[in-house]
Amino acid sequence: METFEKVKWKQFILPVVIGLLIWFIAPVRPAGISIDAWHMLAIFIATIVACITQPMAIAGVTLIGFTMTFCLGLAPITDVMKDGKVIQRGALSAFSNSSAWLIVMAFMISRGIIKTGLGRRIALYFIKWFGKKSLGLGYAIGAIDLITSPATPSNGARAGGIVYPLINSLANTFDSHPNDDSRKKMGAYLVFTEFQTNIITSSMFMTACAPNLIAVSLASKAGMNLNWMGWLAASVVPAVICLLIVPYLVCKLFPPQVKETPNAKEWANEHLQEMGKMTAPEKVMALIFAVTLILWMLSSSIKLDATVVAFISLTLLLLFGILSPKDVLKETGAWNLLIWLSILVFMAGKLTQFGFIAWLSKEIEVSVKGMNWLLVLVILALILFYTHYLFASATAHNTAMYLPLLIVAVSAGAPKVLAAQFLAMFSAIMGSTTHYSSPASSVLSASGYVTQKEWWNLSFIFGLLYILVYGIIGLLWMKLIGMW
């Protein structure tokens, strides 16, 4: 017998009330904000609040907000053309977001690694080498991310395509599965460890994530040139400190139920013997995985988009029979993520288009006028960090706010290169805020191992840690090496 799908109607009350309140106080909105910007802010904030209260799955919530956006006239449904040129992008263009598609393809690559058994084989080797204690596995996961980060300018590709497949297979060997209580055995701990170490490695290398490259480009427009080695010199001390202590802190604050596996080596060897030699599908999967990894690492130098690489990889998986079209369609987590991430990025883009972000930057500049430049720089870094709750894309966030904040810092008297580097590092660690803060957080949170409440609560704590380490030790270190 068919029944209605369950909707938690009470959970709609808070986002609807907040959205309506913001919408209807538009007549008394601050000067300089257009009516469209204010109404877009109302819908965006209501959608974010609904993502928190969860009256239904996040994809459903964002689809409702998305529908409100074009039904209320804040965006046309399709592109508006004039004289053969697009003068306004339509709402459906939201689903052309390359970062969202990259994550979807990363899910498919993960599925191939699991399906062939390659992931299980690799996971068993990890248990053999590092599996005596769960803490050792956490550091091993961090080491994989660190090694691949300098040449992988997409933290989503790194987390989703390289590390997560290993985590998922490793968790499965401990009978730890997403979306049930067994996730706490091992999977939740490893997923959250990878998220945090991914944030740190993203800040350590200029080429470790796309927002870094945006910051470098914008800084150069203001006459401040950041280079690869200079970035590493500035970031290495706070980043290494965090890499050393964060896996330990995750293990203490969010401990796995499985603490030790004293017979891990023998157990792993036994299961490897049961698996036998690598099968032909495993070898093909390993080859495609290696090619994908190499192309991702080289993507910036050979000018090949990371999303294109991911599509090529999926095509190869289909052609060689590693995955079937049915496998692709059954990857519901990937398609769910494509919907909500694309919509949130689109909404954040509309806030920029309507001038809300430009207004916010101007207000900040006025409020810090006449203050000590060091205090101004720290305040601006905190503003950059915490306004990321309004963004589903660090690239969009940096594009909208990095340069205005940098100009404010320099105007207050901050040394140019120091200001550019300090704000750039904060634009990397701001990815620690939410489950939608970056492609990496999106793919890891969508795995189902960590609940949204756990994600937000723990992320807030670790965010404070990064602010203290980068804001105090980082600044002192940059003074020691002569940046100010």
Side-chain angles (χ1 to χ4, degrees), residues 2-3 5-6 54 56-63 94-123 156-157 159-183 187-188 190-191 194 279-282 284-289 292 306-343 435-436 439-452:
E2 294 293 333
T3 60
E5 295 291 339
K6 186 176 181 180
Q54 291 188 313
M56 60 177 63
I58 189 171
V61 166
T62 52
L63 276 171
F95 299 102
S96 63
N97 182 276
S98 63
S99 294
W101 280 103
L102 172 62
I103 297 169
V104 171
M105 295 303 105
F107 266 92
M108 305 308 170
I109 295 168
S110 172
R111 173 55 52 195
I113 290 174
I114 295 169
K115 182 180 178 181
T116 60
L118 176 65
R120 176 174 171 78
R121 186 180 297 276
I122 295 173
I162 300 171
V163 185
Y164 176 69
L166 304 180
I167 288 175
N168 200 32
S169 294
L170 186 56
N172 286 335
T173 64
F174 286 101
D175 197 27
S176 180
H177 306 288
N179 301 309
D180 63 40
D181 289 341
S182 69
R183 65 188 178 82
L190 292 179
V191 164
E194 162 54 15
T279 63
E282 279 184 274
V284 173
M285 183 67 242
L287 179 60
I288 294 173
F289 183 47
T292 303
T307 306
V308 174
V309 173
F311 269 101
I312 292 172
S313 299
L314 176 58
T315 300
L316 292 174
L317 293 176
L318 290 169
L319 288 174
F320 281 96
I322 303 300
L323 293 178
S324 68
K326 186 178 291 186
D327 290 323
V328 173
L329 294 174
K330 285 170 63 177
E331 198 63 43
T332 54
W335 301 118
N336 176 65
L337 186 142
L338 174 67
I339 293 171
W340 68 258
L341 180 61
S342 297
I343 291 172
H435 64 291
Y436 55 82
S441 66
S442 299
V443 68
L444 293 171
S445 65
S447 68
Y449 281 106
V450 183
T451 67
Q452 187 170 301

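Predicted model, so just to flag it, every value in this text is computed and none were measured. Atom set for the values below is all heavy atoms of this structure, side chains included, hydrogens, waters and symmetry mates excluded.
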When rounded to the nearest 0.5 angstrom, what distance separates [atom1] in [X] from [atom2] in [Y]?
| X | Y | atom1 | atom2 | value |
| --- | --- | --- | --- | --- |
| Leu323 | Leu329 | CG | CG | 11.0 Å |
| Arg183 | Tyr449 | CZ | OH | 11.0 Å |
| Leu316 | Ile109 | CG | CD1 | 10.0 Å |
| Leu338 | Ser442 | CG | OG | 11.0 Å |
| Thr451 | Gln54 | OG1 | CD | 9.0 Å |
| Ile288 | Leu314 | CD1 | CG | 9.5 Å |

### Task
Output, in order, the C-alpha distance, side-chain angles, deciding distance and verdict of side chain to side chain contact (heavy atoms under 4.5 Å, CB included) for Val450 and Ser445.
CA-CA 6 Å; Val450 183; Ser445 65; over 6 Å; no

### Task
Using only heavy-atom distances, determine whether the side chains of Ser324 and Asp327 contain a donor-acceptor pair under 3.5 Å.
yes

### Task
Just do the side chain to side chain contact (heavy atoms under 4.5 Å, CB included) check on Met285 and Ile113 with the steps written out, would you?
CA-CA 7 Å; Met285 183 67 242; Ile113 290 174; 3.7 Å; yes

Taking all non-hydrogen atoms of both residues, which atom of [X] and which atom of [Y] are closest, and how far apart?
| X | Y | answer |
| --- | --- | --- |
| Pro439 | Gly156 | CB-CA, 3.6 Å |
| Ser447 | Pro178 | O-CB, 3.1 Å |
| Pro281 | Ile322 | O-CD1, 3.7 Å |
| Gly187 | Ile167 | O-CG2, 4.5 Å |
| Ala159 | Leu444 | CB-CD1, 4.1 Å |

### Query
With a cut-off of 6.0 Å (strictly less than), are more than 12 heavy atoms of other residues, nucleotides or ligands near CG of Asp180?
yes

### Message
Counting only heavy atoms not in Phe320 (residues, nucleotides, ligands), do more than 12 fall under 6.0 Å from its CZ?
### Response
no

### Message
Quick one, Ile339 with Leu63, criterion side chain to side chain contact (heavy atoms under 4.5 Å, CB included). Give me CA distance, side-chain angles, the key distance, then yes/no.
### Response
CA-CA 8 Å; Ile339 293 171; Leu63 276 171; 3.7 Å; yes

### Query
Would Phe95 and Ile343 count as a side chain to side chain contact (heavy atoms under 4.5 Å, CB included) if you check the C-alpha gap in whole Å, the side-chain angles of each, and the deciding distance to 0.1 Å?
CA-CA 7 Å; Phe95 299 102; Ile343 291 172; 4.0 Å; yes

### Task
On the 0 to 90° scale, with breaks at 30° and 60°, tag the Trp335-Trp101 ring pair as parallel, tilted or perpendicular.
perpendicular

### Query
Parallel, tilted or perpendicular: which fits the ring planes of His435 and Trp340, with parallel below 30° and perpendicular above 60°?
tilted

### Message
Tell me if a side-chain donor or acceptor on Asn168 pairs with a main-chain N or O of Pro165 at a distance below 3.5 Å.
### Response
no

### Message
So does Ala59 get a backbone contact from the side chain of Thr62, meaning a donor-acceptor N/O pair under 3.5 Å?
### Response
yes

### Query
With a 4.5 Å heavy-atom cut-off, do Val328 and Met108 have their side chains touching?
yes

